[in-house]
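Heavy-atom basis, side chains included; hydrogens, waters and symmetry copies ignored. Here is how names work: the chains are called A, B, and so on, in the same order as the sequence lines, proteins then strands, and each is numbered from 1.
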Amino acid sequence: MNYKLNNPLPKALLIVFLAFLSFNSVKAQESGSTDEVVISEDLMNYFKKSVLKRVKRLEHYISMIADKEIEDKLRRDAIDQTIELFESNNNVVQVSYIRNGETQVKDYPVRTYFDRLYAIKAEKVDITFYEVTQLTDIRRGMDDKFYATAFIFQDTKIYYDSESDVPDYQDKTTKAIDVIIKPDTVTMGDKAVVLYPAKLGNINVKETR
Amino acid sequence: MIVRIKQIVLSLLILASFSSVAQIDDVKTVSDFTFSIKSIDQFIDRFNYDEKDPFRIAYEKAMGAEMPDGRSKALLSLFDLEMIERANEEYLTNVQSFIKEANQEEQAVFLSFYDSHWYASLEMDISFDGKSYRMQAVMANHSFKGNRSAWTIKAIKCEALGWDYVTSKPNILLPPNSEGTDFINFRHLIKPNSAEFNNRRKSAEMEEFFEYVAKGRLSFSYIKDIKYYFFQIPGYVMVLDEFRRERSNSGWLISNLLAVTSEEKSKMEQRMF
């Protein structure tokens, strides 16, 4: 996969990245509750790594689906594997951009969005991600799942002539991605073990350039 | 005083672009993304000059030292600096006082995501009995037992239809991170006869509104505009808008700061509902 960052900023960004990895514990205030649940820093760090790993897989699959130099079957398989990253087929990708001062918005069910990405009419599509993923604090919802939002930054170049070095279309988008961690108790031998798989939810795509 | 704040704005703009010295397009792009305030979480981190704020981290890494008067600069970077550059003397004085008061050594002001008295105001188009209207939903983040939290609908307003529903009871609980994706889930959750909707529509004050949804008379289009209102800082009200532009001073920024008495603030907060 093609990641961008051959520039003088990586050190600072690496620090950003590492700072996010050294996550603080959940900062919830409680109104005298008796069922206070304290999430350890270790568990939070585990959540964080698990979330970032899932986001990286999404980036990897997006690049694969768009890349017309990759075998067709692999790209179709990548769509199926991408859908498995999500909590539900009902999750949507909401795309918004500003044209003539007006914000235009459209929702696509996740599969439709990735099918469209696969089918872009062009000779070459090059999607890369900057290694600047950011993550909000992870918070516990009313359904006892844990929620956060991840932000990734994507560069898309579309070429109608495969020989050309200059893209016919280029945009940079910020993707805000809902991330959901649902505790799941499984039995291993005679022990009950709680697993915390991370899933993706809705995605909000904003064009920045 | 004005000269001082303008100098700070200038130095802040220089600081924010320190990573683009090399004039490399990618560097500026990455820098803009990194420092842009993409969520309320990031806004709160910058306000508190938290150690995980990218603005603070990048400066300290690049300079090998703490930023002099770092929190003041971080607070100023939360404003729409394009507006600050054009602002009148009264507004600049307000901004200066606000930064000074928020940053007092003994009584520094900090924000928490779990504070009361801050709200998201969502403007959206709706269809009611086949006609289009503009509706406002006021959302509040609510803390519950067991370190749980959720976004709840506090008020629904539609002047054209005479709607002015207000409730103090948490209902239609959206996940605590909903603001991170601009409440996409609002219109997807509130769908007639969906199990989630029927389980969550618990509020007598809003029953009429929920009935319109349940009977299919009311449907929601996209959210057109979001503003955040922060009432928890003594003496001030902050209004946040999203600024989409290719600058590091972008994202969720303070578009208006109002210096108010506690009585005025209380009235303003009441007018939200």
Side-chain angles (χ1 to χ4, degrees), chain A residues 4-9 11-13 15-16 19-20 22-24 26-31 33-39 90 92 94 96 98 103 105-107 130 132 134 136-137 139-145 147-149 151 153 155 172 174 176-180 201-204 206 208-209, chain B residues 19-22 24-27 29-34 36 38-42 44-45 50-54 57-62 112-115 143-150 170 173-182 184-185 187-188 221-225 242 244-246 250:
Chain A
K4 292 191 159 205
L5 261 190
N6 299 317
N7 59 48
L9 195 57
K11 276 190 179 172
L13 290 166
I15 294 296
V16 172
F20 282 118
S22 60
F23 216 59
N24 293 326
V26 171
K27 297 188 293 184
Q29 284 178 352
E30 257 314 303
S31 47
S33 71
T34 51
D35 61 342
E36 187 92 17
V37 176
V38 178
I39 307 298
N90 296 326
V92 297
Q94 183 169 96
S96 71
I98 298 170
T103 303
V105 190
K106 191 150 177 55
D107 278 2
Y130 292 83
V132 287
Q134 295 179 347
T136 63
D137 283 353
R139 298 195 164 85
R140 189 183 188 203
M142 296 304 291
D143 50 8
D144 284 339
K145 296 177 189 172
Y147 294 89
T149 306
F151 298 95
F153 195 34
D155 185 6
K172 294 185 194 302
T174 297
I177 307 163
D178 281 337
V179 187
I180 304 112
N202 296 322
I203 297 181
N204 194 11
K206 292 177 185 174
T208 55
R209 183 191 289 191
Chain B
S19 53
S20 59
V21 173
I24 297 172
D25 183 56
D26 267 3
V27 178
T29 303
V30 170
S31 157
D32 287 351
F33 173 86
T34 306
S36 171
K38 291 169 283 300
S39 69
I40 296 304
D41 240 57
Q42 292 184 345
I44 290 172
D45 283 347
D50 191 283
E51 60 187 16
K52 63 179 182 290
D53 172 29
I57 293 168
Y59 180 92
E60 290 176 3
K61 176 66 184 169
S112 163
F113 193 86
Y114 300 96
D115 283 342
S143 294
F144 296 87
K145 288 180 179 177
N147 287 343
R148 299 177 183 92
S149 66
L173 306 165
L174 300 181
N177 68 327
S178 298
E179 87 291 344
T181 43
D182 293 349
I184 291 177
N185 47 10
R187 76 192 196 97
H188 292 282
S221 185
Y222 299 106
I223 292 170
K224 293 283 185 185
D225 187 46
E242 189 183 28
R244 286 203 212 176
R245 57 192 177 203
E246 293 169 46
S250 61

- Message: Between Asp182(B) and Lys206(A) (salt bridge meaning N to carboxylate O under 4.0 Å), is one present in this structure?
- Response: yes
- Message: Applying side chain to side chain contact (heavy atoms under 4.5 Å, CB included) to Asp143(A) and Arg148(B), what does each step give before you reach the verdict?
- Response: CA-CA 9 Å; Asp143(A) 50 8; Arg148(B) 299 177 183 92; over 6 Å; no
- Measure the spacing between CD1 of Ile184(B) and OG of Ser96(A) and express it to the nearest 0.5 Å. 8.5 Å
- Taking the side chain as every heavy atom from C-beta outward, state whether Tyr222(B) and Gln94(A) have any atom pair closer than 4.5 Å. yes
- Item | Any donor-acceptor N or O pair under 3.5 Å, side chains Arg244(B), Thr174(A) | no
- Message: Between Ile180(A) and chain B, with a heavy-atom cut-off of 4.5 Å, which part of the residue counts as in contact: side chain, backbone, both or neither?
- Response: neither
- Contacting region of Asn185(B) [heavy-atom separation from chain A under 4.5 Å]: both
- Query: Looking at Ser39(B), Ser178(B), Ser36(B), Ser221(B), which one has more heavy-atom pairs under 4.5 Å with chain A than the rest?
  - Reply: Ser39(B)
- Task: Name the option with the most non-hydrogen atom pairs under 4.5 Å to chain B; the candidates are Val92(A), Asn90(A), Asn204(A).
- Result: Asn204(A)
- Would you say the side chain of Arg139(A) lies within less than 4.5 Å of the side chain of Tyr114(B), judging by non-hydrogen atoms? yes
- Yes or no on side chain to side chain contact (heavy atoms under 4.5 Å, CB included) for Gln42(B) and Phe151(A), after CA distance, side-chain angles and deciding distance? CA-CA 11 Å; Gln42(B) 292 184 345; Phe151(A) 298 95; 4.2 Å; yes
- Query: Shortest non-hydrogen contact from Gly180(B) to Ala176(A)?
  - Reply: O-CB, 3.5 Å
- Is the shortest heavy-atom distance from the side chain of Ile203(A) to the side chain of Thr181(B) under 4.5 Å? no
- Task: Identify the heavy atoms of Asp178(A) and Asn177(B) that sit nearest to each other, and give their distance.
- Result: OD1-ND2, 3.1 Å
- Message: Under a 4.0 Å threshold between the charged nitrogen and the carboxylate oxygen, would Asp137(A) count as salt-bridged to Lys52(B)?
- Response: yes
- Item | Side-chain (Gln134(A)) to main-chain (Thr34(B)) donor-acceptor, under 3.5 angstrom | yes
- Item | Atom pair CG (Asp155(A)) and OG1 (Thr29(B)), whose distance is rounded to the nearest 0.5 Å | 8.0 Å
- Query: Which bit of Val179(A) is near chain B, if near means a heavy-atom gap under 4.5 Å: side chain, backbone, both or neither?
  - Reply: backbone
